[in-house]
Amino acid sequence: MTVVTRFAPSPTGYLHIGGARTALFNWLFARRHGGKFLLRIEDTDRARSTQEAVDALLDGLSWLGLDWDGEAISQFARKDRHAEVVHQMLERGAAYRCYCTPQELEAMREEQRAKGLQPRYDGRWRDRDPAEAPAGVAPAIRLKAPQQGETVVHDRVQGEVRVQNTQLDDMILLRSDGTPTYLLAVVVDDHDMGITHVIRGDDHLTNTFRQLQIYHAMGWTPPEFAHVPMILGADGAKLSKRHGATGAEQYREMGYLPEAMRNYLLRLGWGHGDAEIIPTEQAIEWFDLEGIGRSPSRFDFAKLDNLNGHYIRQADDDRLVALTLPLLEKRLGRPLSEDERALLARALPGFKPRVKTLVELADGAMFLFAKRPITPDEKATALLTGDGKIVLRTLSDLFASAKDWTAASLEQVVRDHAEASGQKLGKLAQPLRAALTGSTVSPPIFDVVEILGRSETLARMEDAEKAP
RNA sequence: GUCCCCAUCGUCUAGAGGCCUAGGACACCAGCCUUUCACGUUGGCAGCACGGGUUCGAAUCCCGUUGGGGACGCCA
């Protein structure tokens with residue numbers, strides 16, 4: 001049997017990070033088994049389902065590198081088929097018409113709650129003669145659910161989960177306006193699309209009982225289910241806007257690499273022995289449902305940062321330049337020239353091991369393009385007084401007469417001077433760093449000197465000397 | 001409120017009754033490396049929620065308590 005999985009988000013305007021992990025698991029499982037990964041947009045709520053909202057979803061998935069097979073399917077477009085199935089159920093006596101008004105149902109629920117009961121439809125139209133139907137009321141169609149026994153979900157993550165059928169009521173399948181409800185649409189679509197494995201958030205676990213009843217009523221074979229525990233915020237509460245970034249594209253903006261996100265999301269709720277760094281190729285080889293944990297996990301930025309730093313170090317230089325370019329241009333408010341791009345490319349290796357995100361990379365590289373005189377930060381300024389100025393004067397002279405402008409030879413010049421004058425190298429390097437980068441933290445300073453070039457270096461040193 | 005699920009270091013996890021003196025990773029602390037900060041490397045801190053069982057033996061099985069999460073719509 002060929003594996004067919006799906007990701008079925010409703011368009012909320014962005015790809016929720018929990019949804020992203022669900023999509024990743026489905027994608028991985030399909031790729032692992034040489035199956036298909038389908039995408040279905042649950043767009044039956046017309047108000048929310050704008051084109052922008054759908055595009056945001058697709059963008060998020062594309063960024064994460066989760067490619068789906070075939071065209072994305074619109075659930076809304078399938079509403080006639082959903083209605084058709086409900087009418088089949090009506091014909092075979094598995095469903096019935098309910099003429100209750102929303103007000104009547106609300107009153108009923110209110111009464112039940114007052115008695116401390118679980119609010120449930122009491123089945124008042126289940127066996128009632130349709131001839132008693134009030135005139136002018138369009139009926140909703142409900143499932144004639146079993147009233148005895150129990151419904152059991154054999155879940156690949158949660159195990160065997162059972163509920164008494166008395167806990168479930170006769171759910172609405174088709175609204176009085178003829179549109180299908182979510183529970184029904186999902187089942188029909190999953191069946192028609194040939195989905196073999198439904199991997200989704202465990203907020204759907206209790207929905208599964210009702211969906212199973214629909215499968216049974218139609219005589220369809222249900223797919224395998226795997227309900228993945230949810231992702232919580234650092235404080236253990238359900239992940240929400242309050243926790244900051246909930247959308248995948250926000251992570252892109254914060255400078256995370258898609259491969260780092262994939263690795264992080266994979267390890268959040270799934271494990272394979274002691275493996276931590278799991279590139280996607282390896283993940284496809286290893287991914288299984290057995291490795292999914294059963295308890296909810298908390299989102300941890302520190303670990304994401306660590307992973308992102310790792311993947312930045314691994315990343316190809318040209319790619320990093322391309323990704324950082326727009327961030328720099330936004331900061332500078334102008335495009336980078338060819339020369340400046342080359343400068344960035346040469347400086348990149350120095351930044352790679354010291355940044356966790358592309359944003360940090362862009363921030364760190366800004367000094368390269370700053371207009372003279374640069375503005376040193378507080379700590380750097382402190383290094384550029386008294387002794388610092390003397391150091392710069394001396395180094396300026398040494399550099400000015402240097403015949404070979406390379407990091408190695410310039411470093412040798414400074415080292416020789418340090419030794420001759422009995423000073424520690426750091427004593428000389430720090431004022432230099434402050435003068436050239438405006439900071440006390442930077443890539444190796446002689447690399448910076450080489451990359452900046454003779455004239456810019458000497459000019460910045462002079463600026464710092466002259467500064468009050 | 002009713003029903004369902006869950007419970008190992010601060011966080012993510014390994015653990016399928018004896019391989020557990022509970023392992024790894026992140027974070028944190030210290031040493032080394034070093035021109036800064038990182039990277040790298042060495043070491044350290046830190047956990048089986050609690051209470052009962054079952055068993056020769058329990059982090060692992062059972063029950064309860066507590067705590068957390070989810071579901072209860074003519075939303076998805």
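Side chains included, hydrogens not; waters and symmetry mates left out as well; all remaining heavy atoms used. Letters A, B, ... are given to chains in the order of the sequence lines, protein chains preceding strands, and every chain is numbered from 1.
- Of the nucleotides present, B:U2 is the one that pairs with B:A71 by Watson-Crick or G-U wobble criteria, both distances under 3.5 Å.
- A donor-acceptor pair is defined here as one N or O able to donate and one able to accept, closer than 3.5 Å; such a pair exists between the side chain of A:Gln158 and the backbone of A:His227.
- Residue A:Lys379 is out of contact with every strand shown, counting any heavy-atom pair closer than 4.0 Å.
- A gap of 29 Å separates the C1' atoms of B:U13 and B:G53, to the nearest Å.
- Residue A:Arg109 places at least one side-chain N or O closer than 4.0 Å to OP1 or OP2 of B:C74.
- Aromatic rings from A:Phe299 and A:Tyr264 are positioned such that their centres are separated by under 6.0 Å.
- In this structure, A:Tyr215 has its ring center no closer than 6.0 Å to that of A:His191.
- A distance of about 8 Å separates the P atoms of B:C61 and B:G17, rounded to the whole Å.
- B:U41 is paired with B:G31 under the criterion used here, namely a Watson-Crick or G-U wobble arrangement in which both key atom distances are under 3.5 Å.
- Here A:Leu168 lies out of heavy-atom contact (under 4.0 Å) with every strand.
- Heavy atoms of A:Pro443 sit under 4.0 angstrom from at least one base atom.
- A:Trp68 pairs with exactly one of A:Asn26, A:Thr5, A:Leu61 by the side chain to side chain contact (heavy atoms under 4.5 Å, CB included) rule, that one being A:Leu61.
- Looking at heavy-atom distances under 4.0 Å, A:Pro444 makes contact with a base.
- Counting any heavy atom pair closer than 4.0 Å across all strands shown, A:Asn207 reaches a base atom.
- Listed by residue number, A:Leu425, A:Gly426, A:Ala429 are the residues of residues 416-429 of chain A with a heavy-atom contact under 4.0 Å to RNA chain B.
- For the ring-ring contact (aromatic ring centres under 6.0 Å, His included) with A:Phe25, the lone residue among A:Phe7, A:Phe287, A:Trp270 that qualifies is A:Phe287.
- Applying the 4.0 Å criterion to OP1 and OP2 of B:U34, one finds that A:Arg354 has every side-chain N and O outside that range.
- Remark: P of B:U35 and CG of A:Leu392 are 19 Å apart, rounded to the nearest angstrom.
- Regarding contacts with the backbone of B:G73, every side-chain N or O of A:Arg120 stays at 4.0 angstrom or more from both OP1 and OP2.
- Side-chain N or O atoms of A:Lys356 include none that pairs as donor or acceptor with a backbone N or O of A:Leu361 at under 3.5 Å.
- At a threshold of 4.0 angstrom between heavy atoms, the contacts of A:Cys98 with the nucleic acid are absent.
- Across all strands, A:Thr44 comes closer than 4.0 Å only to sugar-phosphate atoms, never to a base (heavy-atom distances).
- A close approach under 4.0 Å does not occur between any side-chain nitrogen or oxygen of A:Lys352 and OP1 or OP2 of B:C37.
- If you check B:A7 for Watson-Crick or wobble pairing at under 3.5 angstrom, you find it paired to B:U66.
- Nucleotides B:G68 and B:C26 have their C1' atoms positioned 23 Å apart, rounded to a whole Å.
- For A:Phe446 and A:Phe399, the ring centers sit 6.0 Å or farther from each other.
- With no hydrogens or angles considered, a side-chain donor-acceptor pair links A:Asp416 and A:Gln412 at under 3.5 Å.
- A:Ala72 approaches A:Ile41 most closely through the heavy-atom pair CB-CG1, 4.4 Å.
- When rounded to the nearest whole Å, the span between OH of A:Tyr121 and C1' of B:A71 equals 21 Å.
- Within a 6.0 Å radius of CD in A:Glu104, more than 12 heavy atoms belonging to other residues, nucleotides or ligands are found.
- B:U54 is unpaired under the Watson-Crick or G-U wobble criterion, no partner having all donor-acceptor distances under 3.5 Å.
- Across all strands shown, nothing is found opposite B:G17 as a Watson-Crick or G-U wobble partner with both distances under 3.5 Å.
- What separates CE of A:Met171 from P of B:A76 is a distance of 14 Å, to the nearest Å.
- As rounded to whole Å, 12 Å separates atom P of B:A14 from atom CG of A:Leu266.
- At a threshold of 4.0 angstrom between heavy atoms, the contacts of A:Arg313 are confined to the sugar-phosphate backbone, with no base atom among them.
- Straight-line distance between the P atoms of B:U41 and B:A22: roughly 26 Å, to the nearest whole Å.
- For the C1' atoms, the distance linking B:C33 with B:A38 amounts to 12 Å, nearest Å.
- Across B:G18 and B:C62, the matching P atoms stand 16 Å from one another, rounded to whole Å.
- Using a 4.0 Å heavy-atom distance criterion, A:Arg433 is classed as a base contact.
- Heavy-atom nearest nucleotides on RNA chain B were determined for A:Asp203 and for A:Ser176, and the one closer to the 5' end corresponds to A:Asp203.
- Here the separation of B:C28 from B:U65, taken at their P atoms, is 41 Å to the nearest Å.
- To the nearest angstrom, P of B:C39 lies 14 Å from CG of A:Leu307.
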Pairwise N/O distances under 3.5 Å, protein to nucleotides 11-13 of chain B:
| unit_1 | atom_1 | unit_2 | atom_2 | d |
| --- | --- | --- | --- | --- |
| B:C12 | OP1 | A:Arg298 | N | 2.9 |
| B:C12 | O2' | A:Arg267 | O | 2.8 |
| B:C12 | O2 | A:Lys303 | NZ | 3.2 |
| B:U13 | OP1 | A:Gly269 | N | 2.5 |

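- Atom CD of A:Glu106 and atom P of B:C75 are 13 Å apart (whole Å).
- Of the candidate nucleotides B:U35, B:C5, B:A38, B:A38 has the atom nearest to the side chain of A:Lys356.
- Atom OH in A:Tyr256 sits about 13 Å away from atom C1' in B:C26, given to the nearest Å.
- Atom P of nucleotide B:A7 and atom CE of A:Met230 are separated by 17 Å, given to the nearest angstrom.
- Distance noted for atom P between B:G15 and B:U60: 15 Å (whole Å).
- Between A:Asn306 and B:A27 there is a side-chain polar atom (N or O) within less than 4.0 angstrom of OP1 or OP2.
- Under the 6.0 Å distance and 45° angle rule, A:Arg156 does not count as a cation-pi partner of A:Phe225.
- Applying the side chain to side chain contact (heavy atoms under 4.5 Å, CB included) test to A:Arg175 and every residue at least two apart in sequence or in another chain returns A:Asp177, A:Thr179, A:Thr181.
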